[in-house]
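Single-structure report; data block below.
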Amino acid sequence: MILDRRTFIKTSSLALGYSLLPFTNIYSNTGQKQIGVCLVGLGNYSATVLAPALQITKHCKLTGIVTGSPWKIPKWQKRYNLPDKNMYSYDTMHEIANNPDIDVIYIVVPTGLHAKYAIRAANAGKHVWCEKPMAKTEAECQSIIDACKKNKVKLTIGYRMQHEPNTRTIIGWANSKPYGKIKTVRAEIGYNVTNPAKTWRLDSELGGGAMYDLGVYALNAARYTTGEEPISVSAKQMTTRPEIFTETDETTYFTLAFPSGAIAHGKTSLGKSMHELYVDCENGWYTLAPFSMYAGVQGKASDGTLLTIPVRSQQAIQMDDDALAIINDTPVMVPGEEGIKDIRIVEAIYKASKNGKTISLG
Ligand code: NDP
């Protein structure tokens with residue numbers, strides 16, 4: 001007898017003795033179960049990347065939106081065939097609690113607002129997907145984790161690289177160490193933004209700055225490449241355009257020391273283009289360059305090994321992985337506990353830069 005997915009999941013989960021969180025009854029053209037996703041904040045990432053990616057996911061479907069800009073609604077409704085009843089504002093998003101079309105609320109607003117809306121989403125009883133960086137402070141991250149635990153919903157952070165197949169090979173090498181012990185990691189990410197728009201990305205209250213916006217990729221890479229948590233950090237922040245970067249960092253350098261003795265040198269900037277992850281080991285080296293762009297992530301190693309698996313959409317892979325965790329009631333790949341670890345270090349980086357001292361991370 002061939003069981004359909006729902007019957008299989010029900011039967012196996014009952015046999016294993018754990019309960020399933022409910023999810024919607026949407027099926028794709030191919031008969032695959034899909035979970036309903038509501039995007040919160042219809043800015044650049046939602047409009048140009050996530051919503052298009054949701055058109056090619058196998059296991060999820062865009063079913064709702066939350067926006068503070070009502071004029072955006074007609075275009076989104078027309079483009080994605082969204083019903084009136086699934087349109088929300090930030091003030092009405094708690095009503096999603098009563099909407100069976102929506103299983104997941106995906107927070108894609110400025111970083112300084114992640115905690116506010118992620119908690120609202122969890123309190124609506126829906127699973128929460130929260131963009132990177134998880135929030136501005138460790139305390140905010142913890143409050144999101146607590147709200148999701150209290151409401152028994154899953155929480156995942158939008159670190160798309162951890163779902164990308166070439167990156168996953170490198171993550172695996174943290175354990176298998178095919179080139180021997182890791183000595184140093186260099187992770188550099190930056191864009192030469194010649195004329196930065198005066199948006200929230202230059203506003204410290206809303207979570208702007210190179211370190212929050214881009215530096216977390218380098219930091220996360222240092223952690224997933226070594227598979228270790230750093231024990232100390234030193235950092236330096238600077239700007240060559242103080243008239244633009246009045247309250248946020250343009251460039252941040254940071255150095256992390258790991259328990260094994262490995263050292264990671266991170267660099268992020270809004271004034272210089274750079275996209276490389278380089279890992280030097282006792283018996284060789286490997287690199288991904290670019291390591292964090294939406295497309296074209298590729299790498300090589302000292303023995304000629306190539307990391308060149310092509311990817312149509314990192315975000316589609318990420319959202320399908322996260323949807324399957326809901327459908328199968330399995331652990332998510334990038335939980336809140338992963339996001340909070342980075343933000344704790346980001347806070348230490350700002351402090352270390354200000355004090356000019358190495359900070360112990362305990
Ligand atoms: P945008 O500035 O383009 O959009 C943010 C949207 O948030 C706005 O359009 C608005 O949507 C909503 N919003 C609500 N309150 C505010 C406010 N006070 N100020 C400004 N906007 C507000 O940002 P992005 O889309 O580029 O980034 C959003 C999030 O996604 C960030 O956390 C960022 O770090 C993350 N991101 C992640 C990427 C990745 O690769 N994983 C890539 C890019 C961004 P509305 O008008 O609908 O209310």
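Position 1 is the first residue of the sequence, and the numbers go up from there. Read the numbers this way: they start at 1 and go in the same order the structure lists the ligands and their atoms.
- A heavy-atom cutoff of 4.0 Å around ligand 1 is satisfied by the protein residues Gly41, Leu42, Gly43, Asn44, Tyr45, Thr67, Gly68, Ser69, Lys72, Tyr90, Val108, Val109, Pro110, Thr111, Leu113, His114, Glu131, Lys132, Pro133, Gly158, Arg160, Trp200, Arg201, Asp213, Tyr217, Tyr294.
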Dump the intermediate steps for side chain to side chain contact (heavy atoms under 4.5 Å, CB included) on Val37 and Ile102, then the final yes or no.
CA-CA 6 Å; Val37 177; Ile102 294 169; over 6 Å; no
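- Applying the ring-ring contact (aromatic ring centres under 6.0 Å, His included) definition to pairs two or more places apart or across chains, those involving residues 61-107 are Trp76-Tyr80, Tyr90-Tyr117, Tyr106-Trp129.
- A salt bridge between Asp320 and Lys58 is absent, with no side-chain N of the basic residue lying under 4.0 Å from a carboxylate O of the acidic one.
- Listed by first and then second residue, the ring-ring contact (aromatic ring centres under 6.0 Å, His included) pairs involving residues 318-362 are Tyr212-Tyr350 (not counting sequence neighbours).
- Arg160 approaches Gln318 most closely through the heavy-atom pair CB-OE1, 3.2 Å.
- Among residue pairs with one or both ends in residues 349-362, none qualify as salt bridge (charged side-chain N to carboxylate O under 4.0 Å, His left out); sequence neighbours excluded.
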